Amino acid sequence: MAIHDPLAILTDRFRAAIAAAYPHLEGPVDPLIAPGKQASLGDFQCNAAMSLAKRVGQNPRQVAQTIVARADLSPIADPLTERSIAGPGFINVRLRPRALADLLEHVDNPALGVDAPGSTETVVVDLCGVNLAKQMHVGHLRATVIGDALARLFERLGHRVIRQNHVGDWGLPIAMVTHRLMGLTASGAVDGARLTLDDLDRAYRDAKRECEADEEGLEAARRYGLGPKALAELEEQVAGAREAEAAARQTLVRLQRHDPDVHAAWKRIADVTMAECIAAFRRLGCTLCERDSAGESSYSEELAGIVDDLVSRGVAEQSDGALVVRVEGIEEPCLVRKRDGGFLYATSDLAGIRRRVRKLGADRVIYTVDARQSLHFAQVFAAARKAGYTLRPGAPGHARLEHAAFGTILGEDGRPFKSRSGENVKLSALIDEAAERCLSAVRQRSPDLPEPEQRRIAEAIGIAAIKFADLCNDRARDYTFSFDRMLAFEGFTGPYLLYALVRVRSIFRKAQERGVRSDPAAPLLINDPAEKTLALALLRYPASLASAAQSLEPHRVCQYLYELAGAFATFFDACPVLQATDSANQQSRLRLCDLTGRVLADGLHVLGIPTLDRM
Ligand code: ARG
């Protein structure tokens, strides 16, 4: 990748100088390049002399002198001299204004300086992972929003991305609700044609309750002699629950055999759930569609084969009647078949890895799933590797499996985010509320826009706020859901970034009104410190995407965009654009505005955040 970022260029040059000056040092040395502490001294500084001093047995100043004598910074910075060294051995670097303009020319293209990758990879992103018959709630937000941002990011960098929605659509719990639904439809209690996800959610909970035998209660009633009435009630409950569970097991068997009635009921549940799921995520602007669904059911026919394969090659072994894959470094083995012959969550994930690597051609599989499943993925990844399912056909080595784990969304009380009554908060209700809260702000700001337009803008701001709040923190950490914080127009928020972009766009509207034409080929003049800071921020865009992809951390893009918006605000305050004293400066600044607008829009698009022309 061609480097346009001065920080990266300087790192390279100083590293080379240090290697030339001290050829006997072992391993690469970090030249510790940082933005200059004092603008009057320089734009960047190299802080390596202090840490190198001990290793090379010289005093830091001597080390700095040695580096200065070797470092070639042309053409991007002024040559270094004795006067570049400050204090104990800081080396100050001043960039040449012309150099910044030249570097910017390389970024001012449709790709915004992001080069095609050296080699294109196939990246599978496992995202969303909703479960059938369960209402979409805030917990599903992260698995979709973060996964979507990573998918977009890898696409933006030129890779081939395959989204996979590993829907929880198989197994005993699903059979329970299928059984219950069949009963409800048969008795006419629900209308199969008008089923909603809320109905399913209720049926799911009822089915679960119905199958939950209060064995402990019965045991206690017997032990403490709670009386014949209590005992009889408990006996009845337990017998009923066992019966319900047996019926659900029967249903599961029928489902596995493709019994037409059971299969039709199951399919109905799947269709209703997925239709609402896709609608919710479309509303959120997530790129996830029906054909990305590859639920657990899609692996059901492969599970017996997987287990046979693992056993026949000695990868899996018996343990207490069950089958497990023991993996190095993890005490608990990966369970692939229960004693009763049933397969598990891990078994379908192993089938998933095999298909993704062998059929879909994955070089990399990224799972955006709750951090509470870390042990599961560690086991499954190691087991898949042991089984050879990660070996890429037609390419050397293993596909990389990565768990992009995320933390929990907390309520203001510090506990997992729930409604006042302790229920999970429905995702659609959450978006409604965000949009509703934005509406009054929009009405205030733009009273003369027609109502539907105000609503459209409010919805976009609300969605930007929710998604940005989810993406802007280190994903592994828990975060507190707060409408007040995320909807603020100032600070590290979605609305602030949307507003920054709107501001840029309005400059061009004003320019048009005043008959100012902007020349995309006008020479860039980077003289004012605020222009310099903005230019440096713009140049960092490609590296910020690369680092987010490297660490699977979209928050790095959020942080970058926030800094860019800040640099732009300072620039806009300090440097008149349309009112510039001469046309050369006016045209150069218009170009800076235009480039800023394009980088902001592109970055928000990578994050999956909708943008606006006015708000
Ligand atoms: N359905 C699962 C759950 O709700 C998430 C699926 C994640 N993806 C996977 N390949 N296991 O916990």
Side-chain angles (χ1 to χ4, degrees), residues 123-148 150-151 161-177 197 200-201 204-205 208 266 269-270 273-274 276-278 280-281 286 288 292-300 302-303 306 325 334-336 343-360 362 364-385 387 389-390 399-409 416-417 424 427 475 552:
V123 181
V124 169
V125 179
D126 183 303
L127 75 175
C128 186
V130 293
N131 299 314
L132 290 199
K134 280 205 214 162
Q135 194 49 263
M136 230 81 44
H137 59 80
V138 68
H140 299 110
L141 189 69
R142 308 210 75 188
T144 309
V145 168
I146 298 172
D148 182 50
L150 290 174
V161 172
I162 303 176
R163 293 160 177 77
Q164 292 279 280
N165 186 358
H166 194 86
V167 182
D169 60 1
W170 206 246
L172 192 59
I174 305 297
M176 281 179 192
V177 63
L197 189 48
L200 292 178
D201 196 74
Y204 184 92
R205 273 182 284 170
K208 227 178 118 195
W266 172 83
I269 297 173
T273 309
M274 293 321 289
E276 282 208 28
C277 169
I278 302 285
F281 293 123
C286 294
L288 183 75
D292 302 324
S293 285
E296 293 182 32
S297 65
S298 75
Y299 299 103
S300 63
E302 295 168 32
L303 302 185
I306 289 262
V325 178
C334 181
L335 190 57
V336 294
F343 302 116
L344 298 106
Y345 186 44
T347 328
S348 48
D349 262 324
L350 284 173
I353 291 169
R354 193 174 69 165
R355 185 192 292 169
R356 290 164 183 188
V357 176
R358 293 194 185 161
K359 289 234 172 71
L360 305 183
R364 213 169 158 176
V365 189
I366 297 160
Y367 293 78
T368 41
V369 185
D370 196 306
R372 285 168 286 196
Q373 297 193 25
S374 294
L375 174 63
H376 164 76
F377 284 111
Q379 290 172 320
V380 165
F381 292 171
R385 215 181 146 91
Y389 295 163
T390 47
R400 267 186 292 166
L401 307 174
E402 291 152 287
H403 180 195
F406 53 77
T408 307
I409 305 183
F417 188 53
N424 281 324
L427 193 50
R475 66 170 155 70
L552 306 179

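Both counts, for ligands and for their atoms, begin at 1 and track the order of listing. Note that the coordinates shown come from a computational prediction; the quantities given were computed from them, not determined experimentally.
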Would you please indicate yes or no on a ring centroid separation below 6.0 angstrom for His376 and Phe381?
-> no

In a table with atom names and distances, give each donor-acceptor pair under 3.5 Å that connects a side chain of residues 134-143 to protein atoms at least two apart or in another chain.
{"unit_1": "Gln135", "atom_1": "NE2", "unit_2": "Asp198", "atom_2": "OD1", "d": "2.8"}
{"unit_1": "His137", "atom_1": "ND1", "unit_2": "Gly139", "atom_2": "N", "d": "3.0"}
{"unit_1": "His140", "atom_1": "ND1", "unit_2": "His137", "atom_2": "N", "d": "3.2"}
{"unit_1": "Arg142", "atom_1": "NE", "unit_2": "Asp470", "atom_2": "OD1", "d": "3.1"}
{"unit_1": "Arg142", "atom_1": "NE", "unit_2": "Asp470", "atom_2": "OD2", "d": "3.2"}
{"unit_1": "Arg142", "atom_1": "NH1", "unit_2": "Gly407", "atom_2": "O", "d": "3.0"}
{"unit_1": "Arg142", "atom_1": "NH2", "unit_2": "Asp470", "atom_2": "O", "d": "3.0"}

Parallel, tilted or perpendicular: ring planes of Phe377 versus Tyr367, cut at 30 and 60 degrees | tilted

From the list Asn165, Asp148, Leu427, side chain to side chain contact (heavy atoms under 4.5 Å, CB included) with Phe281 holds only for Leu427

Those protein residues which place at least one heavy atom below 4.0 Å from ligand 1 = Asp126, Gly129, Asn131, His166, Tyr345, Asp349, Tyr367, Val369, Gln373, Phe377

Leu150 side chain near Leu552 side chain, heavy-atom distance below 4.5 Å = yes

Within 45° of the axis and under 6.0 Å from the centre of the six-membered ring of Tyr389, does NZ or CZ of Arg354 qualify?
-> yes

